[in-house]
Amino acid sequence: MENKIRPKTPSDSRVESRYIVMPDHTNHYGTAFGGVIMSWIDTIAAMAAQRHCETEAVTLSVDRLTFITPINIGDHVLLRASVNYAGNTSMEVGVQVTKENPYRRESTRATTAYLTFVALDKNKNPTRVPPLQPETEDEIRRFKNAELRQKSLKELKKLIQK
Ligand SMILES: CC(C)(COP(=O)(O)OP(=O)(O)OC[C@H]1O[C@@H](n2cnc3c(N)ncnc32)[C@H](O)[C@@H]1OP(=O)(O)O)[C@@H](O)C(=O)NCCC(=O)NCCS
């Protein structure tokens with residue numbers, strides 16, 4: 001396993017992207033199709049994970065995804081992602097999705113998601129990721145919450161296997 005020990009901050013991995021909801025992004029209710037939003041989330045989360053580990057990173061799991069409010073056709077969609085927590089070879093990435101009405105200048109949190117990625121070396125084996133060093137109050141809160149989520153997922157896995 002390669003050893004990349006230089007710690008990184010959440011802002012080292014931070015990525016933002018924007019989309020506009022077009023007709024081919026919608027469901028039969030005329031709002032953004034959840035599968036499309038999930039694809040945008042997975043894409044930006046992968047970019048954040050790659051920026052953290054500077055190697056190939058694959059999605060292990062979507063740990064939580066909440067559609068808080070529907071996103072309408074024509075809305076601008078802003079996605080922000082960064083690494084919340086780093087384990088040995090895995091990373092939790094948090095993604096916030098905000099919808100913006102470009103005419104009314106309204107901005108609303110629409111979706112949140114937490115995904116786990118695993119870093120791979122050139123032989124496609126899990127490889128160590130740099131430790132994460134949260135700096136701001138928000139980053140420290142996200143780090144602690146992510147640590148709790150990761151621990152509880154591992155505990156749940158053990159319980160379910162019994
Ligand atoms: C991701 C993958 C390489 C992990 O393989 P693996 O044999 O489970 O690897 P390991 O046992 O070494 O675990 C790697 C990390 O994932 C975590 N992990 C693995 N399975 C897990 C599970 N079911 N729940 C929670 N964490 C898990 C381990 O705890 C470890 O994290 P850590 O090193 O930070 O402690 C493998 O599952 C895989 O190839 N999955 C498919 C990925 C994919 O195709 N994604 C979609 C396209 S990007």
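Side chains are part of it too, since the values below use all heavy atoms of this structure and drop only hydrogens, waters and symmetry mates. Numbering of residues begins at 1 and proceeds along the displayed sequence. Counting starts at 1 for both ligands and their atoms, in listed order.
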K.L.:
Enumerate the ring pair (Phe, Tyr, Trp, His ring centres under 6.0 Å) contacts for residues 35-77, please, sequence neighbours excluded, ordered by first and then second residue.
P.N.:
Tyr19-Trp40, His25-Trp40
K.L.:
Answer yes or no: is there a donor N or O on one side and an acceptor on the other, between the side chain of Thr31 and the main chain of Pro70, under 3.5 Å?
P.N.:
no
K.L.:
Near ligand 1, which protein residues have a heavy atom under 4.0 Å away?
P.N.:
Val58, Thr59, Leu60, Gly87, Asn88, Thr89, Ser90, Val118, Leu120, Pro126, Lys154, Lys157
K.L.:
Side chains of Asp42 and Ser39: donor-acceptor distance under 3.5 Å anywhere?
P.N.:
no
K.L.:
Please list, chain by chain and in numerical order, all residues satisfying side-chain contact (heavy atoms from CB on, under 4.5 Å) with Arg104, sequence neighbours excluded.
P.N.:
Asn101, Glu106
K.L.:
List for me each residue that meets side-chain contact (heavy atoms from CB on, under 4.5 Å) alongside Arg149, sequence neighbours excluded, and say none if there are none.
P.N.:
Asn84, Glu92, Tyr114, Asn145, Ala146
K.L.:
Do we see a donor-acceptor contact under 3.5 Å between the side chains of Asp63 and Ser61?
P.N.:
yes
